[in-house]
Protein chains: 2
Amino acid sequence: MDKKDTGRTAVLLERVGRLINQEAHADGLQPVQWEALRYLDRANRFSRTAAALTAYLGLTKGTVSQTLKALEGKALIRKQQDKKDRRSNHLVLTARGRRQLDRDPLAATASALDSLPKPTQRALAAGLSEFLNSRLDAQQRQPFGQCSDCQYFARKHQDGNPHYCQLLKERLNAADSKAICFEQRPAD
Amino acid sequence: MDKKDTGRTAVLLERVGRLINQEAHADGLQPVQWEALRYLDRANRFSRTAAALTAYLGLTKGTVSQTLKALEGKALIRKQQDKKDRRSNHLVLTARGRRQLDRDPLAATASALDSLPKPTQRALAAGLSEFLNSRLDAQQRQPFGQCSDCQYFARKHQDGNPHYCQLLKERLNAADSKAICFEQRPAD
DNA sequence: CTATATAGTTTCGAGTCGAAACTAATAAGC
DNA sequence: GCTTATTAGTTTCGACTCGAAACTATATAG
C-alpha cells in the first residue's frame, strides 16, 4: 500500500460516510438526532448529559442544545435535573424514544455488513476502530470506550460485590460495565 | 461476529464518517465542494458533467447545481458548453482548482491511514470497497469504477492502438483508462 | 411537428452548525 | 463570607446543505 492507495482509501471512507449519512434520514429524524438517541441508549448513567454528548459528537454545545430541544419536542427524550448539581440535566430516553430505536436506519447498514464474509467483517471493525481512536487521540477527544475496558475499572471490587469505578467512586452493575462512559480511559 | 457486533461496526462507520466530515472543512470550502473537486480530478472526460457528478454524489441535481455555482464563483472550475449537445456543460478544473487540491484536507485522513499497520490498511480498503459497492448496488446507483475494470473496455483495441470503449465508441489513452467513469460496469 | 425526455437553474423552506452573548448554579481564592 | 472564576446549558444569528418543485432550453421520438 503506497501513498496513492491510502488516498484512495480515504476517498472511500468519505464516500461511505456520505452514503450512510444519506441512509440515516428516516422517520423524520436527522442523522445527528439518531446518533444522539443511539448514544443515550449506550451511555452509562454518568454520561447521559448534554456535555458528554457534546464531547461524543465533537460539536459545540449550542448545536447539541438545539438537537436535544428537537428530540424533546418529539417526546423522544426527557430532561431531568440533577439533585446535587442543579445546573446539569440527565437525559432520559422516553418509552417512545426506545421504541424509535427499533426503527434505527443504521440497521440496514448493519445487515449489509452482516452479509460480508466474516473475516472481512472482523478486519473492517478492527481497522475502523483503530483509525477512529487514532484520530480522536490526535484531536484530544475522548474515546468513549466501554466502562469495563477502563483503567479506573475495578472488577468485582470485593468478592461477590459489584464492580467499581475508582474515578467516580461508584458501584457498577453488569449493564453499567458494558456501557460507554465519557470518562473512560483505556487500560494500557 | 454476531448481529450485535455488526451493529457496533455500523455505529463505528457512522462515527468515522462524521469525524471525516468535520475534518473536511478547510480553506473555506465545504466537504461536498471538496468531494466535487476530487471527483473532477479523477473522472474521465465523459464523466465530467453535472449529471454524472449528481449520480456520483447521490444528491439531487438542484443541490449539485448550487455546489457547482459556488465552485465557479471561487474560480475553481469552469463550465464549457458541449459543441454537439448544447444543453450540457463540461466541467473543467481551473489551474486554481488544481492547486486547491494540493491542500485537500483528506490528506490528513490518508496519512492517518498510512500509519496503520499495512495488513490493517489492506483489509480496511477491501472491506470498505466491498461494503460501498454492495450498498450502491442495493440502491441501484452506479459504482463509478475505473474505466479499465469495465466490461466495455477493450484493451489495446488493435495491436499498437489505444484502448477503446465499446459503449461510447471512443478511444482511450492511458490516463483515460485509469479514470473513473459514470458508465462503468464492472467486468464480472 | 407535436410529445416527451434530458441538462441544468432557480426559488423556497427546513434543517445543521459554529460563534458569541447570555442565564444560572457551583467552585475557588482570599 | 464575598468576590471571581468556572461549568452546564440556552438563545440568537448568519452561512451553509439539501430536497422538492417549478422553470428554461435543447434534443429526440412518434
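Residue numbers start from 1 in every chain, and the chains themselves are labelled A, B, ... in the order their sequence lines are given, proteins ahead of strands. Just so you know, these numbers use all the heavy atoms, side chains as well, and skip hydrogens, waters and symmetry mates.
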Nearest whole Å is fine: how far is [N] [atom2] from [X] [atom1]?
X       : N      : atom1 : atom2 : value
B:His25 : C:dC17 : NE2   : C1'   : 8 Å
B:Gln80 : C:dA7  : CD    : C1'   : 16 Å
A:Lys61 : C:dG18 : NZ    : P     : 13 Å
A:Asp82 : C:dA27 : CG    : C1'   : 15 Å
B:Leu29 : D:dC16 : CG    : C1'   : 13 Å
B:Asn21 : D:dC16 : CG    : C1'   : 13 Å
A:Trp34 : C:dT16 : CH2   : C1'   : 18 Å
A:His90 : D:dG9  : NE2   : C1'   : 14 Å

query = Taking the side chain of A:Ala51 as its heavy atoms from C-beta onward, which of C:dG8, D:dG9, D:dA27 lies nearest to it?
reply =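 Output: D:dG9.
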
- Query: If you check every side-chain atom of B:Asn89, which of C:dG8, D:dA8, C:dT16 has the closest atom?
  - Reply: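 Of the options given, the side chain of B:Asn89 lies nearest C:dG8.
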
For [X], which contact category applies under a 4.0 Å heavy-atom criterion: base, sugar-phosphate, or nothing?
X       : value
A:Thr60 : base
A:Ser88 : sugar-phosphate
A:Val64 : nothing

Before giving the answer on side chain to side chain donor-acceptor pair (under 3.5 Å), spell out for A:Glu23 and B:Gln139 the whole-Å C-alpha distance, their side-chain angles and the decisive distance to 0.1 Å. CA-CA 10 Å; A:Glu23 293 187 331; B:Gln139 294 183 18; 2.6 Å; yes

Spell out, as yes or no, whether a donor-acceptor pair under 3.5 Å connects the side chain of [X] to the backbone of [Y].
X        : Y        : value
A:Lys74  : A:Gly28  : yes
B:Arg135 : A:Ala112 : no
B:Ser65  : B:Lys61  : no
B:Ser111 : B:Asp114 : no
A:Asn133 : A:Glu130 : no

Check: For D:dT4, which nucleotide in any strand shown is its Watson-Crick or wobble partner with both distances under 3.5 Å?
Finding: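 With both distances under 3.5 Å, D:dT4 matches C:dA27.
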
query = Are any non-hydrogen side-chain atoms of B:Leu136 and A:Leu19 less than 4.5 angstrom apart?
reply =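 A side-chain contact exists here, since the closest heavy-atom pair is under 4.5 Å.
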
With a cut-off of 3.5 Å and sequence neighbours excluded, list every side-chain donor-acceptor pair involving residues 143-153 of chain B.
residue: B:Gln146; atom: NE2; partner: B:Ser148; partner atom: OG; Å: 3.2
residue: B:Ser148; atom: OG; partner: B:Ser177; partner atom: O; Å: 3.4

Pairwise N/O distances under 3.5 Å, protein to nucleotides 12-15 of chain C:
residue: C:dG15; atom: O3'; partner: A:Gln30; partner atom: NE2; Å: 3.3

Next on the checklist: Pair B:Thr9, B:Thr6 - check side chain to side chain donor-acceptor pair (under 3.5 Å), show working.
Outcome noted: CA-CA 5 Å; B:Thr9 308; B:Thr6 52; over 6 Å; no

Looking at the base of D:dG19, is there any donor atom on it, or on the side chain of B:Thr63, that sits under 3.5 Å from an acceptor on the other one?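 Looking at the base of D:dG19, it does pair with a donor or acceptor on the side chain of B:Thr63 (distance under 3.5 Å).
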
Worksheet item: Mapping A:Pro31 and A:Gly62 onto DNA chain C by nearest heavy atom, which one lands closer to the 5' end?
Response: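 Its nearest nucleotide being more 5', the pick is A:Pro31.
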
Taking only N and O in the side chain of A:Arg86, is any of them less than 4.0 Å away from OP1 or OP2 of D:dA8?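 The answer is no; no side-chain N or O of A:Arg86 sits under 4.0 Å from OP1 or OP2.
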
**Request:** Examine D:dT12: is either OP1 or OP2 under 4.0 Å from a nitrogen or oxygen in the side chain of A:Lys69? Give yes or no.
**Result:**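 The answer is no; no side-chain N or O of A:Lys69 sits under 4.0 Å from OP1 or OP2.
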
Every protein N/O within reach of nucleotides 2-7 of chain D N/O, cut-off under 3.5 Å:
residue: D:dT7; atom: O2; partner: A:Arg87; partner atom: NH1; Å: 2.7

Problem set entry | Given DNA chain D, 5'-ward residue of the pair A:Ala50 and B:Leu59, judged by closest heavy atom |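 Result of the comparison: A:Ala50.
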
message: Set out, in order, the CA-CA distance, both residues' side-chain angles and the distance that settles side chain to side chain contact (heavy atoms under 4.5 Å, CB included) for A:Leu59 and B:Gln22, then state yes or no.
response: CA-CA 9 Å; A:Leu59 301 174; B:Gln22 286 166 357; 3.7 Å; yes

